[in-house]
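Lettering follows sequence order; numbering is per chain, from 1. Please read these numbers as outputs of a predicted model, since none were measured by experiment.
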There are 2 protein chains.
Amino acid sequence: MAEDADPARKSIGARRNPDSAEAILVAAEAVLVEAGYAGFSIEAVARRARAGKPTIYRWWPSKAALLLEIYQRGKRVDSPDTGNIEDDLVGFLKSLFSHWRETSSGSVFRSLIAEAQSDPAAAAALAGYSKGRHSHTGQMIERAKARGEVAVDVDAALVADLIGSFAWKHLLTNRLDEDEATLRRAVRYVVQGILPQSR
Amino acid sequence: MAEDADPARKSIGARRNPDSAEAILVAAEAVLVEAGYAGFSIEAVARRARAGKPTIYRWWPSKAALLLEIYQRGKRVDSPDTGNIEDDLVGFLKSLFSHWRETSSGSVFRSLIAEAQSDPAAAAALAGYSKGRHSHTGQMIERAKARGEVAVDVDAALVADLIGSFAWKHLLTNRLDEDEATLRRAVRYVVQGILPQSR
DNA sequence: TGTGCAGAACGGCCCGTTTCGTTTCATCGC
DNA sequence: GCGATGAAACGAAACGGGCCGTTCTGCACA
């Protein structure tokens with residue numbers, strides 16, 4: 001989706017206009033933030049970007065594809081490696097939630113959830129993204145196992161469930177105002193269950 | 001929303017046709033199940049119910065209102081009182097999840113989530129419903145506190161978080177195939193944190 | 001000369017509303 | 001009692017408007 005170069009290019013001619021692609025992505029994000037998911041239409045994005053609809057459809061096959069690229073563009077979540085599983089997880093959650101809270105990513109993500117309920121492609125993309133994040137937190141757990149900090153047979157899905165409970169709250173209330181102490185308590189709650197000595 | 005009697009009725013005239021209301025609700029559920037959220041339009045519901053669109057708009061101000069009434073109609077979730085907090089919660093979760101799994105309520109609920117991302121009324125209704133369920137599980141905790149089974153200062157929101165993590169999984173994967181053992185393990189995991197002796 | 005571009009226009013679906021004529025039914029005069 | 005009255009709900013059709021996804025045109029550029 002929207003690669004920088006097309007290796008299968010058949011012949012010469014005009015290349016993709018990067019300014020146009022950029023303008024479309026910026027406009028899409030702006031429309032989503034200002035008008036919400038209800039006002040997020042391809043027409044509106046094209047108007048705002050001063051682009052033609054065919055140009056959008058040429059590069060993004062669906063609204064979901066556009067949403068997903070917006071979400072992934074702004075995405076840069078810390079994945080600290082402090083040598084301590086509790087600090088790792090707290091740092092990761094803090095980064096993820098502030099990312100949802102302080103950028104447009106939160107509303108983009110919620111729009112993607114909505115889109116996934118009617119577009120199977122969006123659902124698949126979302127599932128893939130979720131899987132990737134699981135492997136991300138899974139690596140933290142693996143590192144902790146290698147350090148002997150965590151038993152080798154623990155289920156890393158517990159962390160996914162923890163994120164899920166926060167994500168659910170974010171989805172229902174559109175708020176995610178947990179302070180660090182609350183976050184740390186929740187993480188410790190999970191970590192208690194996977195510390196070797198507690199088993 | 002769609003009360004049986006209207007105390008503020010100004011004058012005489014034909015009453016609401018209960019057959020029509022019933023047909024609309026049945027048709028709406030059928031459309032949602034067969035065509036999914038993407039195919040769920042007022043037009044489609046009216047066609048299937050052999051009803052006029054104005055009749056639907058007269059009684060349900062929005063798509064969200066219609067969705068919410070469908071969801072609440074089919075809703076009958078057990079709230080057992082076994083005298084044991086762990087059994088209470090496991091029973092409740094089993095009932096809730098089988099309800100999501102085996103009736104149309106699961107897809108109705110997911111559609112409601114999607115609708116809430118673009119319709120503030122749907123978001124408010126959903127938040128209210130969620131609050132009601134929290135007070136529901138909160139009563140279980142209160143009973144456990146009265147029995148001395150649980151410390152008086154525990155946070156009942158832990159149960160809400162537990163439900164949230166399952167709901168999130170259901171939303172992303174459209175599956176909820178937890179067996180009772182898994183459910184019991186999760187409940188025990190939460191209950192461990194609220195039993196007095198573990199504090 | 002081939003390609004991407006913006007823009008206009010299309011047929012189609014659904015939106016929410018209005019208008020129409022019909023049916024239902026509590027009320028009131030007889 | 002009982003039929004006429006009139007308010008209100010009904011199904012059907014049509015409206016103006018928006019967005020859908022697609023096609024076509026003419027220009028810019030390599």
Trainee: Output every pair passing salt bridge (Lys or Arg N to Asp or Glu O under 4.0 Å) with a member in residues 114-142 of chain B, not counting sequence neighbours, ordered by first then second residue.
Mentor: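 Checked against salt bridge (Lys or Arg N to Asp or Glu O under 4.0 Å) - neighbours excluded - the pairs reaching residues 114-142 of chain B are B/E142-B/K145.
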Trainee: Considering heavy-atom distances to DNA chain C, does A/I24 or B/P54 have its closest nucleotide positioned more toward the 5' end?
Mentor: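 By nearest-heavy-atom nucleotide position, the 5'-most residue is A/I24.
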Trainee: Where along residues 107-123 of chain B does a heavy atom come under 4.0 Å from DNA chain D, residue by residue in number order?
Mentor: none
Trainee: Output the rounded distance in Å from CD1 (A/I56) to C1' (D/dT22).
Mentor: 14 Å
Trainee: Considering residues at least two apart in sequence or located in another chain, which fulfil the salt bridge (Lys or Arg N to Asp or Glu O under 4.0 Å) criterion with B/D87?
Mentor: B/R184
Trainee: Report all side-chain donor-acceptor pairs from residues 103-110 of chain B shorter than 3.5 Å, counting only partners two or more places apart or in another chain.
Mentor:
{"residue": "B/T103", "atom": "OG1", "partner": "B/H99", "partner atom": "O", "Å": "2.6"}
{"residue": "B/T103", "atom": "OG1", "partner": "B/S105", "partner atom": "N", "Å": "3.0"}
{"residue": "B/T103", "atom": "OG1", "partner": "B/S105", "partner atom": "OG", "Å": "3.1"}
{"residue": "B/S104", "atom": "OG", "partner": "B/E29", "partner atom": "OE2", "Å": "2.5"}
{"residue": "B/S105", "atom": "OG", "partner": "B/H99", "partner atom": "NE2", "Å": "3.3"}
{"residue": "B/S107", "atom": "OG", "partner": "B/S104", "partner atom": "O", "Å": "3.0"}
{"residue": "B/R110", "atom": "NE", "partner": "A/Q117", "partner atom": "OE1", "Å": "3.2"}
{"residue": "B/R110", "atom": "NH1", "partner": "B/N174", "partner atom": "OD1", "Å": "2.9"}
{"residue": "B/R110", "atom": "NH2", "partner": "A/Q117", "partner atom": "OE1", "Å": "3.3"}

Trainee: Report the distance from atom CG of B/D19 to atom C1' of C/dT23, rounded to the nearest whole Å.
Mentor: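 So the two atoms are 14 Å apart, to the nearest Å.
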Trainee: Just N and O in the side chain of A/W59: are any of them under 4.0 Å from OP1 or OP2 of C/dG4?
Mentor: no
Trainee: Would you please name every residue forming a salt bridge (Lys or Arg N to Asp or Glu O under 4.0 Å) with B/R101, sequence neighbours left out?
Mentor: none
Trainee: Is any side-chain N or O of B/S20 closer than 4.0 Å to OP1 or OP2 of D/dA9?
Mentor: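 The answer is no; no side-chain N or O of B/S20 sits under 4.0 Å from OP1 or OP2.
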Trainee: Got a sec, which residues hit ring pair (Phe, Tyr, Trp, His ring centres under 6.0 Å) with A/H136, two or more places apart in sequence or on another chain?
Mentor: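 For A/H136, the residues satisfying ring pair (Phe, Tyr, Trp, His ring centres under 6.0 Å) (neighbours in sequence not counted) are A/F92.
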Trainee: Any salt bridge (Lys or Arg N to Asp or Glu O under 4.0 Å) involving residues 34-43 of chain A? Give me the pairs, sequence neighbours left out, ordered by first then second residue.
Mentor: A/E34-A/R48, A/E43-A/K53
Trainee: Identify whether the distance between the nearest side-chain nitrogen and carboxylate oxygen of A/E178 and A/R185 falls below 4.0 Å.
Mentor: no
Trainee: If you look only at pairs with a residue in residues 29-54 of chain A, which of them pass as a ring-ring contact (aromatic ring centres under 6.0 Å, His included), with sequence neighbours excluded?
Mentor: none
Trainee: At a cut-off of 3.5 Å, list every protein nitrogen or oxygen paired with a nitrogen or oxygen from nucleotides 17-20 of chain D, distance to 0.1 Å.
Mentor:
{"residue": "D/dC20", "atom": "OP1", "partner": "A/I42", "partner atom": "N", "Å": "3.1"}
{"residue": "D/dC20", "atom": "OP2", "partner": "A/I42", "partner atom": "N", "Å": "3.1"}
{"residue": "D/dC20", "atom": "OP2", "partner": "A/E43", "partner atom": "N", "Å": "3.0"}

Trainee: For D/dA9, does OP1 or OP2 lie under 4.0 Å from any side-chain N or O of B/T55?
Mentor: no
Trainee: Classify the nucleic acid contact of B/R58 as base, sugar-phosphate or nothing, counting any heavy atom under 4.0 Å across all strands shown.
Mentor: base
